[in-house]
Amino acid sequence: MLLIDLVRTSAAVTADPARLVKIRHLAELLGRVDPGEAEIAISYLSGELPQRNVGVGWASLQDPPEPRLAATATLRQVDDFLDRIKAQAGPGSQAARKTLVTELFGALTRQEQAFLSRLLRGELRQGALDGVMIEAIAKAAEVPATEVRRALTLRGWLPAVGAAALGGGVEALRAFRLEVGRPVSPMLAQSAASVAVALGKIGGLAAVEWKLDGVRIQAHRSGDTVSVFTRTLDDITAQVPEVAEAVGALPSQDLVLDGEVIALRPDGRPEPFQITSGRVSSRTDVATVRGKTPLSVFFFDALRVDGADLLDQPGQIRHAALAEAVPAELVTPRLVTENVESAEEFYRDVIRGGHEGVVVKSLLAPYAAGRRGAGWVKVKPRHTLDLVVLAAEWGHGRREGRLSNLHLGALDPLTGGFVMLGKTFKGLTDELLAWQTERLLALADGPSDAWVVPVRPELVVEIAFDGVQRSTRYPGGMALRFARVLRYRPDKGAAQADTVETVRTLML
DNA sequence: TTCCGACAGTGGGGTCGCAAT
DNA sequence: ATTGCGACCCCACTATCGGAA
């Protein structure tokens, strides 16, 4: 199949907002793709590369060569080219990669270049990713979408599932099983503002569990072999030997467990997330970093124990299997209750212990792999500050032409100036975006460029955030974590904004 | 007819490893 | 030795579509 065929389908998908129409366009294309190119087509049209990453990003795509007029490239040719680009390594690889990118783009039309550029940057923006593609595969292969979804759960990679569906229908999909050593998309949690709300969402008896501020892991064991995967299914076994050792020491030979790794201080309180993250990301000289920053692992779910697949079992059954297979010190602490007061007391204790919050879990829900199902609801404390808008950046995509991303500053009472603590674009409605664009342009002051518009520091905005982290990027040495706009404070002037001292007391 | 679940989009800070400077 | 880049860890929130109620 020619790349241009796929690009035209992508354009049609982008052009129509109706999901059912998007699905029709995608299914039509899948109906005529060669079996040998099905994985590539599904991958591209759901916004990812079969190679996953090839070492080419925004900066490497800045000045594309003159486009061709005739579209001749096939999916297979492009895919082979990306394989070659990915294979570059060592000294001179950046130049070699650049040469290959230029060669590849030089063989494409303008339309193809634009598509591939967005795909490589991970910004396809056609209003269709995995969720829509699942439906399109179901339609093209004439199988129920639930079968596609189930297979994806177990295989973790939609192109393979789609190719199987197109080639072998329901039978081929049912051949996908939970395999020890092959990661499953982890179940995700929804959010709630309070424990009471979370319990209400679950309804009735629920498990209230510590939410640790670490890195999500999935551990697989088959005999003597243990593998550990991240949330995005990357293999990090070598980076977290503590997990391999802990799982390898369990009596059970056949396990798939879901949990969290975290660096704890000697007193048992958690290190800041930055410490855990840095430790887990370290790939060179793991033995040394391990000595300095040991990791602890806590499991909260079991997907397989001793030959029994538990994905479809209710939470209660899975947890019972976990408790059977894993000693209590490796199980995430939790309380089973339907009483709001005891759940809230548990939550307060968790926060006092320095941890991130709780996850309230249904005892009945199956493991909804890869979905933000209603079976798990997380609750975290929220801080707020009144900060001053120092500048704003022009938005992209649907925010084109709107000032979107706000630069936020706290008052420095010593100088009367402002110290920048980070940016946010979250929490803004279309109405607020329109209002702030007009308001900020009226306050514009200083040298603005194509992206950033500095403004007179007069507008006060109430910001919610999860915590204050150490920062090397910002002058105050502090940055807000997960900052989002709650509302503007027209009743406050910049002189009434919160101060850097106040922020500093939160960084503990 | 209204409601709500799922999805896509819009970006945030921090860290590591690697190649280039 | 430092800088820039890509990739990936954590992620919140709003708008929208279309099926459920």
Side-chain angles (χ1 to χ4, degrees), chain A residues 16-23 46-47 52-60 86 88-98 120-135 149 188-191 212-217 230-234 236 239 260-262 272-285 289 356 368 370-374 378 380 382 393 395-400 402 404-408 421-433 463-474 478-486:
Chain A
D16 202 309
R19 283 210 271 271
L20 294 177
V21 177
K22 291 178 192 289
I23 290 165
S46 47
R52 222 175 143 173
N53 57 61
V54 296
V56 173
W58 191 84
S60 322
K86 186 182 173 81
Q88 301 303 313
S93 62
Q94 261 178 35
R97 208 174 266 134
K98 177 82 187 161
L120 284 164
R121 292 193 316 254
E123 298 179 350
L124 196 54
R125 297 173 212 258
Q126 59 179 16
L129 296 170
D130 267 16
V132 173
M133 181 55 85
I134 286 169
E135 302 289 337
R149 215 175 273 283
L188 307 174
Q190 298 183 345
S191 301
L212 294 158
D213 192 10
V215 172
R216 182 86 176 264
I217 53 114
T230 65
R231 200 161 91 81
T232 49
L233 315 188
D234 285 302
I236 54 162
Q239 289 144 256
E260 190 96 359
V261 285
I262 185 168
F273 173 74
Q274 287 157 297
I275 301 291
T276 294
S277 171
R279 168 56 220 280
V280 172
S281 305
S282 293
R283 277 164 286 180
T284 57
D285 205 4
V289 292
E356 193 183 14
R371 318 195 74 184
R372 217 165 269 288
K378 61 182 164 184
K380 298 187 284 185
R382 193 189 76 173
E393 296 176 15
H396 301 85
R398 71 184 303 282
R399 292 191 177 189
E400 180 102 50
R402 299 285 164 83
S404 171
N405 201 3
L406 304 174
H407 295 200
L408 305 167
L421 295 172
K423 310 177 189 178
T424 187
F425 56 90
K426 294 171 182 165
L428 298 162
T429 59
D430 288 354
E431 193 186 356
L432 211 45
L433 277 165
I463 298 295
F465 60 101
D466 278 22
V468 181
Q469 349 175 54
R470 285 188 193 286
S471 171
T472 53
R473 173 181 314 215
Y474 291 110
M478 307 182 286
L480 302 183
R481 192 167 180 210
F482 308 143
R484 59 266 191 192
V485 172
L486 289 182

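Of the candidates C:dC9, B:dT10, B:dG12, C:dC9 carries the atom nearest the A:T232 side chain, counting heavy atoms from C-beta on. Listed nucleotides: C:dG19, B:dG11, C:dC9. Nearest to the side chain of A:L20: C:dG19. For A:Q94, taking side-chain heavy atoms from C-beta onward, the closest of the listed nucleotides B:dA20, C:dA12, B:dG9 is B:dA20.
Along DNA chain C, the nucleotide closest to A:V56 and the one closest to A:K380 are compared, and the more 5′ of them pairs with A:V56. Between A:A479 and A:G127, the one whose closest nucleotide on DNA chain B sits nearer the 5' end is A:G127. Nearest-nucleotide mapping onto DNA chain B: of A:N405 and A:R283, the residue sitting toward the 5' end is A:N405. Judged by closest nucleotide on DNA chain C, A:D213 is the one of A:R19 and A:D213 placed further toward the 5' end.
Close to B:dT15, at under 4.0 Å from its OP1 or OP2, lies a side-chain N or O of A:Q274. Contact check, A:S471 against B:dG13: no side-chain N or O comes under 4.0 Å of OP1 or OP2. Residue A:R231 has a polar side-chain atom (N or O) positioned under 4.0 Å from OP1 or OP2 of C:dC10. For A:T284, a side-chain nitrogen or oxygen approaches OP1 or OP2 of B:dG17 to under 4.0 Å. Look at A:R473 and you'll find a side-chain N or O under 4.0 angstrom from OP1 or OP2 of B:dG14. For A:S277, no side-chain nitrogen or oxygen approaches OP1 or OP2 of C:dC8 to under 4.0 Å. The side chain of A:R484 contributes an N or O atom lying less than 4.0 Å from OP1 or OP2 of C:dC13. Proximity of A:S281 to the phosphate of B:dG14: no side-chain N or O atom is located under 4.0 Å from OP1 or OP2. The side chain of A:H396 places no N or O atom within less than 4.0 Å of a non-bridging phosphate oxygen (OP1 or OP2) of B:dG9. For A:K22 and B:dC7, the shortest distance from a side-chain N or O to OP1 or OP2 is not below 4.0 Å.
The CG atom of A:L406 sits 9.0 Å away from the CD atom of A:E393 when rounded to the nearest 0.5 Å.
Rounded to an integer number of Å, the gap from CD of A:E123 to P of B:dT10 is 8 Å. Distance, A:N53 CG to B:dG17 P: 16 Å, rounded to whole Å. To the nearest angstrom, P of B:dT10 lies 12 Å from CZ of A:R121. Atom-to-atom, CZ of A:R149 to P of B:dG5 comes out at 15 Å; the value is rounded to the nearest Å. Taking atom CD1 of residue A:I275 and atom C1' of nucleotide B:dC16, one finds them 14 Å apart after rounding to whole Å. In this entry the distance linking CD of A:E393 with C1' of B:dT10 reads 12 Å, nearest Å. Protein atom CZ of A:R279 is 14 Å distant from nucleotide atom C1' of C:dC9, rounded to whole Å. Distance A:F465 CZ to B:dG11 C1': 19 Å, rounded to the nearest Å.
A heavy-atom distance below 4.5 Å is not found between the side chains of A:V56 and A:Q88.
Within 4.0 Å of A:S282, counting heavy atoms only, lie sugar-phosphate atoms of the nucleic acid but no base atom. Within 4.0 Å of A:D466, counting heavy atoms only, lies no atom of the nucleic acid at all. Contact annotation for A:K98: no contact, since no heavy-atom pair falls under 4.0 Å across all strands.
Taking a 6.0 Å sphere around CZ of A:R216, one finds it holds more than 12 heavy atoms contributed by other residues, nucleotides or ligands.
Here the side chain of A:R279 pairs a donor or acceptor atom with the backbone of A:Q239 at under 3.5 angstrom.
Under the Watson-Crick or G-U wobble criterion, with both distances below 3.5 Å, C:dA7 is paired with B:dT15.
Pairing each heavy atom of A:K380 with each of A:D466, the nearest pair is NZ-OD2, 2.8 Å.
A side-chain donor-acceptor contact under 3.5 Å links A:S404 and A:R399.
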